[in-house]
Number of protein chains: 2
Amino acid sequence: MTAEQAAQVVPLLKALADPVRIRLLSLVLSHEGGEACVCDLQPSFDLTQPTISHHLKVLHEAGLLHREKRGVWVYYRARPEALEAMTQLFAAAPSATPATPVTPAAPTAAGAGA
Amino acid sequence: MTAEQAAQVVPLLKALADPVRIRLLSLVLSHEGGEACVCDLQPSFDLTQPTISHHLKVLHEAGLLHREKRGVWVYYRARPEALEAMTQLFAAAPSATPATPVTPAAPTAAGAGA
DNA sequence: TGTCACTATCGACGCATGTCGATGTCCTGC
DNA sequence: GCAGGACATCGACATGCGTCGATAGTGACA
């Protein structure tokens, strides 16, 4: 993985690397119709409304949540593309060593002449 | 997802939510034999040795890397269990709304009598 | 028009984190 | 025993982040 590839995935991981935000995303996903407004989400947390709004903004800016205003309420919905990107990231990773014999390799940087 | 479940996954995500660490894990996975020592990894970054060591420690404490000392070198190897936990997390999530019609739901918390 | 409810933004505070230089620990080879 | 290399730890610094209270913006309703 190059530095550029890492720079693409890290914002998504950063957005999810918070207990409040990953629960927010889970709540939105499991909510009726796959969408929820702030007033649906806030009661699940012991946090103030601005804090919830802040976390939703982070998820939105990371591309994980879609935002839509309907009258007084703002509805958030998960964006499957972002979730799929995460799925593919981890689906590709562990295939490297499923049951390989793990041949001990000599270090290359410092040279094998130790 | 409960707060407890989130608390279990978040440390893994936090450990990966860094461009250096996700590249370190990728390098270890793709390295010969699925393992690498610090001297193999450091040349890929413009960072000092203590910083690389710090990031490897974070990955190790999160359960993502296994650590083994052989002589002067310390070899790091990915732990498939942790990667599988990540895979399952994201594999279960996006199945909520693949092509659902998204029926507009009224907010429940503030009551519909607004 | 005035009021109320829902949500976002702002400014501030404290804590966590990434990075570095200096140093310590452990092993190898002479 | 001594020198040198590989890696970890420590202390310090700057930056980022989560949280709050206060406040602004916007739509609904009487």
Side-chain angles (χ1 to χ4, degrees), chain A residues 3 6-7 10-24 28 35-62 65-77 105-114, chain B residues 3 6-7 10-24 28 35-62 65-77 105-114:
Chain A
V10 162
L12 289 175
L13 289 168
K14 267 193 190 306
L16 285 177
D18 183 279
V20 174
R21 288 199 289 267
I22 201 170
R23 282 184 61 203
L24 277 173
V28 169
E35 63 181 6
C37 69
V38 183
C39 58
D40 291 326
L41 303 169
Q42 190 182 343
S44 300
F45 302 89
D46 284 335
L47 297 173
T48 62
Q49 177 266 324
T51 301
I52 299 293
S53 188
H54 162 71
H55 286 301
L56 287 169
K57 182 183 181 182
V58 172
L59 289 170
H60 173 59
E61 289 181 344
L65 285 184
H66 173 76
R67 192 169 125 184
E68 183 182 353
K69 188 162 187 176
R70 290 191 216 146
V72 192
W73 297 288
V74 175
Y75 284 81
Y76 286 92
R77 196 170 48 216
T108 60
Chain B
V10 162
L12 289 175
L13 289 168
K14 266 193 190 306
L16 285 177
D18 184 279
V20 174
R21 287 199 289 267
I22 201 170
R23 283 183 60 203
L24 278 173
V28 169
E35 63 180 7
C37 69
V38 183
C39 58
D40 291 328
L41 303 169
Q42 190 182 344
S44 301
F45 301 89
D46 283 336
L47 296 173
T48 61
Q49 176 266 323
T51 300
I52 300 292
S53 187
H54 162 70
H55 285 300
L56 287 169
K57 182 183 180 182
V58 172
L59 288 170
H60 173 60
E61 290 180 343
L65 284 185
H66 173 76
R67 194 167 125 184
E68 183 182 352
K69 187 163 188 176
R70 289 190 216 144
V72 192
W73 298 289
V74 176
Y75 285 81
Y76 287 91
R77 194 170 48 216
T108 60

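Below, chain A is the first sequence line, B the second, and so on; all start at residue 1. Keep in mind the model is a prediction, meaning the values are calculated, not measured. FYI, side chains are in, hydrogens and waters are out, and symmetry mates aren't considered; it's all heavy atoms of this structure.
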Rounded to whole Å, CG of A/Leu56 lies from C1' of C/dT9 at a distance of 14 Å
A/Asp40 CG to C/dC6 C1', in whole Å, measures 12 Å
| Would you say A/Asp18 and A/Val58 make side-chain contact, with heavy atoms under 4.5 Å? | no
- Task: Could you check if a side-chain atom of B/Phe45 sits within less than 4.5 angstrom of a side-chain atom of B/Leu24, using non-hydrogen atoms only?
- Result: yes
Picking from D/dA6, C/dC6, C/dA8, the nucleotide nearest the side-chain atoms of B/Trp73 would be D/dA6
Here the distance between atom C1' of D/dG18 and atom CG of A/Leu59, to the nearest Å, is 13 Å
Separation between CD (B/Glu61) and CG (B/Leu65), nearest 0.5 Å, reads 11.5 Å
Here the distance between atom C1' of D/dG18 and atom CG of A/Asp46, to the nearest Å, is 15 Å
Atom CZ of A/Phe45 and atom C1' of D/dC20 are separated, to the nearest Å, by 17 Å
(message) Just to be sure I understand the rule, does A/Ile52 reach a base, reach only the sugar-phosphate, or reach nothing, if contact means heavy atoms closer than 4.0 Å?
(response) nothing
Scanning both residues in full, the closest heavy-atom pair of B/Lys14 with B/Arg21 reads O-NH2, 3.2 Å
Looking only at D/dC7, C/dA8, C/dC20, the nucleotide nearest the B/Leu47 side chain is C/dC20
Taken to the nearest whole Å, CD/A/Glu68 to P/C/dA8 is 13 Å
Rounded to whole Å, the CG-P distance (A/Leu24 to C/dT7) equals 13 Å
Each nucleotide of nucleotides 22-27 of chain D classed B (base within 4.0 Å of a protein heavy atom), S (only sugar-phosphate) or -, in 5' to 3' order, makes B---SS
Separation between CG (A/Asp40) and SG (A/Cys37), nearest 0.5 Å, reads 3.5 Å
Determine the contact category for B/Tyr76: base if any of its heavy atoms lies under 4.0 Å from a base atom, sugar-phosphate if only primed atoms, P, OP1 or OP2 are that close, otherwise nothing. sugar-phosphate
### Task
Could you check if a side-chain atom of B/His55 sits within less than 4.5 angstrom of a side-chain atom of B/Thr51, using non-hydrogen atoms only?
yes
In whole angstroms, the gap separating C1' of D/dA8 from NE2 of B/His60 amounts to 12 Å
ask   = Taking C-beta and beyond as the side chain, do A/Leu12 and A/Leu16 meet within less than 4.5 Å on heavy atoms?
value = no
- prompt: Would you say a side-chain N or O of A/Lys57 is under 4.0 Å from OP1 or OP2 of C/dA8?
  reply: no
Is there any protein nitrogen or oxygen under 3.5 Å from a nitrogen or oxygen in nucleotides 11-18 of chain C, and what are the pairs?
residue	atom	partner	partner atom	Å
C/dG18	OP1	B/Arg21	NH1	3.4
C/dG18	OP1	B/Arg21	NH2	2.8
C/dG18	OP2	B/Arg21	NH1	3.3

Overall bend of the helix from C/dT1-D/dA30 to C/dC30-D/dG1 (five pairs an end, 10° steps) is 20°
**Message:** Can you see if the side chain of A/Ser53 gets near the phosphate of C/dT7 - specifically, an N or O under 4.0 Å from OP1 or OP2?
**Reply:** no
